[in-house]
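A, B, ... follow the sequence lines: proteins, then strands. Residue 1 opens every chain.
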Amino acid sequence: MSEPVHIRRPRRWHIAVFLAPALAVYTTLMVIPLVETLRLSLFTEQDQVRSFVGLGNFITLFGDPRWAQAFWNALLNNIEFFSIHMAVQNPVGIALAALLSVPRLRGRAAYRTTLFMPTMLSFVVIGFIWKLILSPLWGVTPSIMAAIGLKSLFGPWLGQEDTALIAVSLVSVWQYIGIPMMLIYAALLSIPEEVIEAAECDGVVGVAQFWKIKLPLILPAIGLISVLTFVANFNAFDLIYVSQGALAGPNFATDILGTFLYRTFFGHQLQLGDQHMGATIATVMFLIILSVVAFYLLVIQRRMRRYEF
Amino acid sequence: MSQVPIFRMRRAVVHGLLGGYTLIAILPVLLIIMNSFKDRKAIFNHPLSPPGPASFSLIGYETVLKQGDFLAYFQNSLIVTIGSLFFILLFGAMASFALTEYRFRGNVFIGLFLALGVMVPIRLGTIAILEMMAKSGLVNSLFALILVYTAQGLPLACFVLSEFMRTVSADLKNAGRVDGLSEYVVFFRLVLPLVRPAMATVAIFSMIPIWNDLWFPLILAPSEATKTITLGTQVFIGQFVTNWNAVLAALTLSLTPALVLYLIFSRQLIRGLTAGAVK
């Protein structure tokens with residue numbers, strides 16, 4: 001009590017030294033460009049003079065028929081792209097994880113390794129592989145389908161307007177499935193032994209045990225996977241660019257926000273690249289992603305807390 | 001009395017389902033690798049049969065190695081990936097050590113500031129990144145890619161490494177301090193070796209999106225001298241669409257390094273992904 005704390009501690013420079021490199025790189029290359037992109041969306045350029053237009057670019061994007069039509073097309077396609085992921089990837093991922101976690105399963109490690117393999121490959125490789133396999137020119141798919149008697153169902157799926165988006169989405173699911181599978185598998189393994197034993201004592205076993213006991217317990221993992229998938233889907237680009245081109249054909253049937261942003265920013269065919277409209281689209285994507293992530297963190301994740309042990 | 005047959009039947013169903021999906025997962029890749037070693041006629045007439053003495057051919061690989069500089073692309077990818085990983089791990093470990101070891105004003109804020117980057121994709125800032133790189137003359141340099149990927153990887157690295165930094169015993173660090181070691185020595189000599197397993201996990205995690213990325217190489221470094229293997233494959237195949245041998249060979253060359261790395265590190269990767277639930 002005698003000496004008040006006016007003895008100043010020496011400045012702890014080492015804290016700054018430890019933090020500086022990470023903060024410098026992260027701020028300069030991630031935070032500032034993001035803020036700068038948001039700012040650019042409020043400007044336009046004519047005759048190399050940049051001028052402030054407020055929300056003018058957004059009004060153009062939503063209001064001008066030429067832009068609005070392309071934008072809503074890309075947004076709706078993106079929503080469909082995401083919906084197909086959710087509808088196929090989650091059930092299949094959960095099913096595979098449930099099968100993998102069957103007790104005393106032989107060859108578990110081998111299954112795990114091979115099932116996760118496609119997730120490791122690049123979208124470029126995946127895009128081309130499936131483009132070749134689904135190509136009517138090569139005829140691998142028709143001959144496989146013929147072997148199971150379904151040859152008549154084959155079509156050039158990637159080339160038809162009404163099937164292209166579904167086909168590309170399924171290719172993306174095929175590649176991405178390893179992530180939900182592994183995260184759910186981990187969630188299943190972390191269910192305490194006592195919970196399972198208690199269920200068994202009550203006669204809840206097998207499939208019923210999965211639905212009544214395990215599924216509610218892995219809901220947080222499913223929530224996390226859904227938001228991860230959403231973020232990945234709403235800035236997806238590579239797969240569509242590789243398999244369908246920058247024009248996201250046929251007739252923009254597979255155009256999503258990522259390809260729309262790329263075309264707007266860099267230009268294509270006769271249309272010149274437009275930095276400010278590009279920034280506007282990036283801003284819209286940012287707001288979409290941010291609102292869904294915020295909704296997940298503030299609403300969904302909080303409600304799920306109660307399932308934790 | 002019927003317990004055992006039912007048990008066996010269940011096992012058979014489980015193996016049937018898993019085996020079936022395994023086939024779906026690997027058949028497309030196998031098909032490409034297999035056909036890359038066949039001549040054109042065999043590729044089209046018998047796509048499903050493995051290369052035999054009559055159909056074996058390396059013509060695709062000859063074209064690829066003559067026309068595309070795959071060795072250089074591979075080298076570029078290697079430089080970019082290793083460079084980025086080095087900075088992600090070093091800077092990430094330093095920052096997470098500072099955030100978990102010391103109490104200071106702004107600690108929580110900096111933690112949240114970094115965490116933001118886990119959820120917001122860096123691609124959304126591309127337009128300003130390109131402008132910045134153009135101004136500083138870094139367009140078409142591998143360094144530009146390394147910088148971007150370091151920024152992209154840091155948030156998750158800090159997040160994961162912080163968890164592990166907390167587990168390092170305080171007694172050990174304090175013993176070092178009593179012996180007169182500086183904070184830097186405590187970090188580099190005592191703490192860093194102890195979090196090596198976590199660093200390996202972070203490295204494997206961060207490596208995949210960097211090695212496989214198309215977006216930033218396409219936008220920031222599309223020149224011939226700086227093409228990564230992902231971009232190189234994309235451009236090469238775009239030019240040789242009709243040469244099936246070359247396309248199949250290029251795909252095989254492009255996927256082999258990732259596949260080999262995966263087979264070596266799969267155990268560690270899966271353990272990391274499942275947060276240690278898998279031993």
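Interatomic distance, B:Trp244 CH2 to B:Arg40 CZ, rounded to the nearest 0.5 Å: 8.5 Å. Here the CG atom belonging to A:Leu261 is positioned 11.5 Å from the CE atom belonging to A:Met277, to the nearest 0.5 angstrom. Atom CD1 of A:Ile191 and atom CD1 of A:Ile218 lie 6.5 Å apart (nearest 0.5 Å). With rounding to the nearest 0.5 angstrom, the CG atom of A:Asn233 is 9.0 Å from the CG atom of A:Asn235.
Contacts of B:Leu114 with chain A are made by both backbone and side-chain atoms, with heavy-atom separations under 4.5 Å. Neither the backbone nor the side chain of A:Ile126 comes within less than 4.5 Å of any heavy atom in chain B. Only the side chain of B:Val247 comes within contact range of chain A, judged by heavy atoms closer than 4.5 Å. Heavy-atom distances place both the backbone and the side chain of A:Arg104 under 4.5 Å from chain B. Proximity to chain A is limited to the side chain of B:Met132, based on heavy atoms less than 4.5 angstrom apart. Contact of B:Ile24 with chain A is made through backbone and side chain together, with heavy-atom distances under 4.5 Å. Of the atoms belonging to A:Ala236, it is backbone heavy atoms, and not side-chain ones, that fall under 4.5 Å from chain B. Contact of B:Met133 with chain A is made through the side chain alone, with heavy-atom distances under 4.5 Å. Residue A:Ala109 touches chain B through its side chain alone, counting heavy-atom pairs closer than 4.5 Å. Heavy-atom distances place the side chain of B:Glu131, and not its backbone, under 4.5 Å from chain A. The contact between B:Leu269 and chain A is made entirely by side chain atoms (from C-beta outward), counting heavy-atom distances below 4.5 Å. When heavy atoms are compared at a cutoff of 4.5 Å, B:Leu48 approaches chain A solely by way of its side chain, counted from C-beta outward. Contacts of B:Arg11 with chain A are made by side-chain atoms alone, with heavy-atom separations under 4.5 Å and no backbone atom involved. Looking at A:Pro21, both its backbone and its side chain come within 4.5 Å of chain B, counting heavy atoms on both sides. Looking at A:Phe234, there are no atoms closer than 4.5 Å to chain B (heavy atoms on both sides), in backbone or side chain. Contact annotation for A:Ile15: both backbone and side-chain heavy atoms come within less than 4.5 Å of a heavy atom of chain B. Looking at A:Thr141, neither its backbone nor its side chain comes within 4.5 Å of chain B, counting heavy atoms on both sides. For A:Val125, the parts lying under 4.5 angstrom from a heavy atom of chain B are both the backbone and the side chain. For A:Phe237, the parts sitting under 4.5 Å from any heavy atom of chain B are the backbone and the side chain alike. In this structure, the portion of B:Ser266 lying under 4.5 Å from any heavy atom of chain A is its side chain and not its backbone. Contacts between A:Ile129 and chain B at a heavy-atom distance below 4.5 Å involve backbone atoms as well as side-chain atoms. At a 4.5 Å heavy-atom cutoff, the contact between B:Leu116 and chain A is made by backbone and side-chain atoms alike. Proximity to chain A involves both the backbone and the side chain of B:Ile127, based on heavy atoms less than 4.5 angstrom apart. If you measure heavy-atom distances from B:Ile32 to chain A, the contacts under 4.5 Å come from the side chain alone. At a 4.5 Å heavy-atom cutoff, the contact between B:Leu263 and chain A is made by side-chain atoms alone.
Among A:Lys131, A:Gln175, A:Met120, the residue making the largest number of heavy-atom pairs under 4.5 Å with chain B is A:Met120. Residue with the most contacts toward chain A among B:Leu218, B:Leu130, B:Ile88, B:Val120: B:Leu218 (heavy-atom pairs, distance under 4.5 Å). Ranking B:Pro121, B:Gly238, B:Ala258 against chain A, the residue ahead of the rest is B:Pro121, based on heavy-atom pairs under 4.5 Å. For the set B:Ile129, B:Val14, B:Leu18, the count of heavy-atom pairs under 4.5 angstrom toward chain A peaks at B:Leu18. The greatest number of non-hydrogen atom pairs below 4.5 Å with chain B, out of A:Thr114, A:Thr119, A:Ile184, is found for A:Thr114. Between chain A and the residues B:Ile229, B:Ile237, B:Ile26, the largest count of heavy-atom pairs under 4.5 Å involves B:Ile237. The candidate from A:Phe266, A:Trp174, A:Trp130, A:Trp138 with the greatest count of non-hydrogen atom pairs under 4.5 Å with chain B is A:Trp138. Counting heavy-atom pairs closer than 4.5 Å to chain B, the top-ranked of the candidates A:Leu96, A:Val242, A:Thr28 is A:Leu96. Among A:Ile133, A:Val92, A:Ile281, A:Leu290, the residue making the largest number of heavy-atom pairs under 4.5 Å with chain B is A:Ile133. With respect to chain B, the highest number of heavy-atom pairs below 4.5 Å among A:Leu23, A:Leu188, A:Thr27, A:Leu183 belongs to A:Leu23. For the options B:Phe87, B:Phe44, B:Tyr21, B:Phe187, heavy-atom pairs under 4.5 Å to chain A are most numerous at B:Tyr21. For the set B:Glu183, B:Met207, B:Arg10, the entry with the most heavy-atom pairs within less than 4.5 Å of chain A is B:Glu183.
In summary, the side chains of A:Arg50 and A:His276 do present a donor paired with an acceptor at a separation below 3.5 Å, with no hydrogens or angles considered. For the residue pair B:Trp211 and A:Ser122, no side-chain donor N or O sits within less than 3.5 Å of a side-chain acceptor on the partner. If you check the side chains of B:Ser254 and B:Thr233, you find a donor sitting under 3.5 Å from an acceptor.
Checked against a 6.0 Å centroid threshold, the rings of A:Tyr26 and B:Phe113 count as neighbours. Note: B:Tyr102 and B:Phe97 meet the aromatic proximity criterion, with ring centroids under 6.0 Å apart. Separation of the A:Tyr111 and B:His15 ring centroids falls under the 6.0 Å cut-off.
Residues of residues 31-40 of chain A lying under 4.5 angstrom from chain B, judged on non-hydrogen atoms, are A:Val31, A:Pro33, A:Leu34, A:Glu36, A:Thr37, A:Leu40 by number.
Contact detail for A:Ala221 and A:Ala187: the closest heavy-atom pair is CB-CB, 3.8 Å. A:Ser172 and A:Leu239 make their closest contact through CB-CD2, 3.6 Å (heavy atoms, listed as atom of the first residue, atom of the second, distance). The two atoms that bring B:Lys227 and B:Val235 nearest to each other are NZ-CG1, 3.9 Å, heavy atoms only.
Counting only residues at least two apart or in different chains, salt bridge (charged side-chain N to carboxylate O under 4.0 Å, His left out) contacts with residues 17-29 of chain B are absent.
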Which side-chain N or O atoms in residues 143-152 of chain B pair as donor and acceptor under 3.5 Å with protein atoms at least two apart or in another chain?
from, atom 1, to, atom 2, distance (Å)
B:Tyr149, OH, B:Asp213, OD2, 2.7
B:Thr150, OG1, B:Ile146, O, 2.6

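Judged purely by atom type and a 3.5 angstrom limit, B:Asn35 uses its side chain to pair as donor or acceptor with the backbone of B:Pro47. For the pair A:Tyr241 (side chain) and B:Trp215 (backbone), a donor-acceptor distance under 3.5 Å is absent.
Under a 4.0 Å N-O distance rule, the pair B:Glu101/A:Arg12 does not qualify as a salt bridge.
In this structure, the salt bridge (Lys or Arg N to Asp or Glu O under 4.0 Å) partners of A:Asp238, at least two apart in sequence or on a different chain, are B:Arg123.
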